[in-house]
Amino acid sequence: MKSSIIDVPRKHTQDDLFGIQVYQNALIKYIKLTDTPITIALQGEWGSGKTSLMNLLRYNLCDVDNAPYYPIWINTWQYSLMKTPAQAIISILEGIINQIGALNPSEQKWEESKKKIGGLFKKMAVVGTKMEAGAVGLDSDTVGEFFEGNSGGASSDIMQLKEEIAKLIADALAKDATKTGFTFYIDDLDRIDPPVAVEILELLKNIFDLEKCIFILAIDYDVVIKGLKPKFGELTDANEREFRSFFDKIIQLPFSMPVASYNVDTFLVDALGKIEFFTKEELADAALAERLSEITRNSVGTNPRSLKRLTNTLALISIIYEEQRGEENSAASSLDKLINYALVCIQIAYPYIYNQLTEEPDFKAWNEKIASKLKLRPLTEDEIERLNSTEEFDEDWEKVVFRMCQKETYLSNRVFSVSSLLNKIAEIVNNDERLGEIIEATLEMSAVTNLKAFDSPKKLKSSEIDWTGKFWMPVKEQIASSLKTKMSIPNGKSYCLIHSCGQNFGYCMTYSVRNNIAAVIFETYGGEVVKQKIEEILAKAPADHIIRQFTIGQGKKNKNKWGWALENQIDKFDPNIVNWYAETFVAIYSFLEPEVAKSLN
């Protein structure tokens, strides 16, 4: 058993678990056939596998026997650590040139070039001082003037720099007849400040626009957009062409990481098998595999980094479960593991929704009260009409989910996936009456890996309260002084049951730790006929009787079940809570039970 799946870029020796070999091979062929100079951008969100693909390109183009290219690899984020933007740019340029120079067959020529290049760097440092005076840290116009030759002697300086680099490249290629050029791998541009990333792109375009040079950049177009805002302002339909033109000027071939084509199922089966979250027999079950795939598609998707975090979280949960239960009794049911899997997916993909589940696990009970607490925007009449016509949002709780998702752009773009995922969890649980209880118990496992600011007082879990000794036994003793009735107290549960002499009828008392709500309830299980008889009994109650304050509700799953409840928001440690339970129950029992005995037997 492995305890983790490491989040490092894939190497050529590792299996192609995501099924992208065809794209990798196509890029390799294209690069071997292309004219130079050319710049290729590997585009994709952070964690989508850009560095892994660059590793594979480097191996096949530079590291195999008789490979046609020299490799130059620069991690821009590492070169920019603890440096000002201007220092970072010069540091990256130095890093590239030093790697080229190290390949020069003549140490003397390399030393001569270093002196010339060093003098040019001093002039660049002066420009860098001006750049740091810019409002965003860099002044694109200043860099442009320098590299385009519009500032005095800069034209001859930049030509000298390019000539020295061209000489170094030519000398290195002349040394080895099997080499036809250089491939430059520029990684992690999307981890540095976007305006700085844009300046680096301009720098590479102006200095390394040389024959025999192929640049492969790992960057996201969204980073370019953010980096160009100081120059063009916010992206709009009116100026979108300016943003695109800048990108096209720098990049000759954009390649979007094919995340939609990733074979996630293969990766998941392999990873979940390694950490032994599911057994081999469970993973061989086609129905379970399909559920896992559907849950994954609606949450973490195909981002490799998110998938690795998912499997690492599940590995830790397995170990915690084993420690709690003991190694011999550690096996959880496949149903429990599937629910756990889904909740961890929500935790990673939709942390806001996950945090709401920790507050109220019974998501099918999310209502206007929850919406008001979260200050959710009310729906318009038109929105309500449109939502009612969609399967994902035709129920009240689903409309609350829709409103939750409007609080974040990311969630609003994935609102259908969020609803589908929650409905899938409800389908897996297959018990609306116990949905909240099951989700709450499962959340206790995944909560240890939740990223959340701990700025509020610790809330006691239901399992941490002595329900029998502190709650129900004192209530039972107080009731016994007035009534003779049979009371069942399940050990360690936040509810108790009181039997009735009537058929298909009973009483219970509950407490919700999440909302500090105490409730006294009486219920029927005989459908409309029994419900009608209870309503006839209630109609006889005096106008000022407490039973008149009870509200009715129908069972979520069992439509033959009806319940009447009176709730009271009262702290669990309030000394008056026992009195409230006992007095309320005695009042309703004394009124109802004689009538129930006559009507429901």
Side-chain angles (χ1 to χ4, degrees), residues 47 268 277 291-292 294-301 303 305-318 320-321 332 335-367 369-371 373-376 392-393 397-429 434-463 512-515:
L268 279 177
F277 185 77
R291 279 178 159 181
L292 290 173
E294 182 179 352
I295 290 167
T296 307
R297 288 196 302 270
N298 282 321
S299 54
V300 297
N303 184 293
R305 180 161 288 126
S306 296
L307 290 167
K308 288 171 184 175
R309 180 186 163 189
L310 167 63
T311 51
N312 288 338
T313 301
L314 294 170
L316 176 60
I317 287 172
S318 291
I320 293 173
Y321 194 89
L335 180 65
D336 289 339
K337 288 187 281 189
L338 191 58
I339 296 169
N340 227 325
Y341 182 89
L343 291 174
V344 173
C345 283
I346 293 177
Q347 181 192 90
I348 294 170
Y350 313 122
Y352 177 76
I353 302 298
Y354 180 87
N355 289 333
Q356 302 320 311
L357 285 170
T358 63
E359 296 295 321
E360 175 48 79
D362 186 2
F363 54 84
K364 283 201 168 187
W366 287 354
N367 53 23
K369 185 176 180 180
I370 298 290
K373 178 183 175 183
L374 296 175
K375 297 183 171 66
L376 302 181
E392 291 84 0
F393 300 106
W397 72 269
E398 293 171 326
K399 291 182 178 66
V400 175
V401 171
F402 179 88
R403 292 162 69 185
M404 285 180 179
C405 290
Q406 304 315 301
K407 298 197 78 169
E408 296 179 10
T409 302
Y410 181 85
L411 283 174
S412 67
N413 291 334
R414 291 159 179 78
V415 62
F416 280 90
S417 294
V418 175
S419 176
S420 297
L421 186 54
L422 291 172
N423 274 292
K424 175 57 66 175
I425 292 173
E427 176 192 309
I428 293 168
V429 172
R434 296 188 60 229
L435 178 63
E437 176 189 339
I438 292 169
I439 297 298
E440 181 180 27
T442 311
L443 283 169
E444 291 181 12
M445 301 292 288
S446 60
V448 295
T449 57
N450 188 31
L451 292 173
K452 186 178 180 182
F454 295 98
D455 56 357
S456 56
K458 179 182 183 296
K459 294 182 179 180
L460 283 177
K461 297 180 222 174
S462 180
S463 58
S512 169
V513 176
R514 294 180 299 278
N515 304 313

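Note that this is a predicted model, so its numbers are computed, not measured.
For Glu294, the side-chain hydrogen bond (donor to acceptor under 3.5 Å, both in side chains) partners at least two apart in sequence or on another chain are Lys424. Under the side-chain hydrogen bond (donor to acceptor under 3.5 Å, both in side chains) criterion, Glu392 pairs with no residue at all, not counting sequence neighbours. Judged as a side-chain contact (heavy atoms from CB on, under 4.5 Å), and not counting sequence neighbours, the contacts of Leu374 are Tyr352, Gln356, Ile370, Leu376, Met404. Applying the ring pair (Phe, Tyr, Trp, His ring centres under 6.0 Å) test to Tyr350 and every residue at least two apart in sequence or in another chain returns nothing. With sequence neighbours excluded, the residues satisfying ring pair (Phe, Tyr, Trp, His ring centres under 6.0 Å) with Phe416 are Phe393. Under the side-chain contact (heavy atoms from CB on, under 4.5 Å) criterion, Asp362 pairs with Glu360, Lys364, Ala365, Leu435, Lys556, not counting sequence neighbours.
Residues Leu443 and Tyr354 form a side-chain contact, since some pair of their non-hydrogen atoms from C-beta on lies under 4.5 Å apart. Between Val401 and Trp366 the shortest side-chain heavy-atom distance falls below 4.5 Å.
Interatomic distance, CD1 of Ile438 versus CG of Leu335, reported as 7.5 Å (0.5 Å rounding). Distance CD1/Ile428 to CD1/Ile295: 4.0 Å, rounded to 0.5 Å. Here Leu292 contributes atom CG and Arg297 contributes atom CZ; the two are 10.5 Å apart, rounded to the nearest 0.5 Å. Taken to the nearest 0.5 Å, the CG atom of Leu411 stands 5.5 Å off from the CD1 atom of Ile353. Rounding to the nearest 0.5 Å places CD1 of Ile346 at 11.5 Å from CG of Asn355. A distance of 11.5 Å separates CZ of Arg414 from CG of Asn298, quoted to the nearest 0.5 Å.
Judged by distance alone, the side chain of Ser412 and the main-chain N or O of Thr409 form a donor-acceptor pair under 3.5 Å.
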In sequence, state the C-alpha distance, the side-chain angles, and the governing distance for Thr442 and Asp336, and then conclude on side chain to side chain contact (heavy atoms under 4.5 Å, CB included). CA-CA 8 Å; Thr442 311; Asp336 289 339; 5.7 Å; no

Applying side chain to side chain contact (heavy atoms under 4.5 Å, CB included) to Val400 and Phe363, what does each step give before you reach the verdict? CA-CA 9 Å; Val400 175; Phe363 54 84; over 6 Å; no

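Atom NZ of Lys369 has 12 or fewer neighbouring heavy atoms from other residues, nucleotides or ligands inside a 6.0 Å radius.
Heavy-atom minimum distance, Cys345 versus Ser299: CB-OG, 3.2 Å.
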